[in-house]
Amino acid sequence: MTIATLAAEGGVGVETIRFYQRRGLLDTPDRPRGAGSGGGIRRYGPSDVRRLRFIRCAQAAGFTLEQIHELLALDATDDRARARTLAIERLSALDAQIAHLETARTALRRLAQECGNGDAGPCPILTAFDGGHGQAPVP
């Protein structure tokens, strides 16, 4: 398949494929030589689609490209302990993000309720985001 087909199969753009290739996450196949049916167009196979989908899923789970590179390398070594360590580290980071988002949601819910009370004066939501009017800022 062509790079455009690979991109479509993975749900990304062609430039994303090229970016992953520059980062060493995807291989760049050689161009075929000669004037045959290949016409000098690089061809990709099912393993490239699987690898691209792996990268996209790992990104969706919040892994960085460096961590994804390491996970891909671990696949060849069967180092399950390191893969588990990376997953546990990612879970810890997600837990911290969730805690931060819950704090922000609680603060915003409180501000929305205060705003809905219709009291005179400036809007508590707007003053919270302004940061200088005595209202605790939303994290």
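Hydrogens, waters and symmetry mates are skipped; everything else that's a heavy atom, side chains included, is used.
- For C123, the side-chain contact (heavy atoms from CB on, under 4.5 Å) partners two or more places apart in sequence, or in a different chain, are C115, I125, L126.
- The hydrophobic cluster around L72 extends to M1, I3, L6, V12, V14, I17, F19, Y20, L25, L26, Y44, V49, L52, F54, I55, F63, L65, I68, L71, L74, L86, counting ILVMFWY residues whose side-chain heavy atoms fall within less than 4.5 Å of a member.
- Contacts classified as side-chain hydrogen bond (donor to acceptor under 3.5 Å, both in side chains) and involving residues 83-93 (residues at least two apart or in different chains) are given here: R90-Q97.
- Nearest heavy atom pair, residue L94 against residue A61, reads CD1-O, 4.0 Å.
- Closest non-hydrogen pair, P29 versus R43, comes out as CG-O, 3.3 Å.
- To the nearest 0.5 Å, atom NE2 of residue H100 and atom OG1 of residue T103 are 7.5 Å apart.
- Here E15 pairs with R18 under the side-chain hydrogen bond (donor to acceptor under 3.5 Å, both in side chains) rule; sequence neighbours left out.
- Listed for the Q67 side chain is a donor-acceptor partner under 3.5 Å among the backbone atoms of T64.
- Applying the salt bridge (Lys or Arg N to Asp or Glu O under 4.0 Å) test to pairs two or more places apart or on separate chains, those with a residue in residues 49-63 are E9-R53.
- Counting non-hydrogen atoms of other residues, nucleotides and ligands closer than 6.0 Å to CG of D30 gives a total of 12 or fewer.
- Within the structure, salt bridge (Lys or Arg N to Asp or Glu O under 4.0 Å) pairs that include any residue of residues 60-73 comprise R23-E66, E70-R82 (at least two apart or interchain).
- Partners of T28 according to the side-chain hydrogen bond (donor to acceptor under 3.5 Å, both in side chains) rule, which considers only residues two or more places apart in sequence or in another chain, do not exist here.
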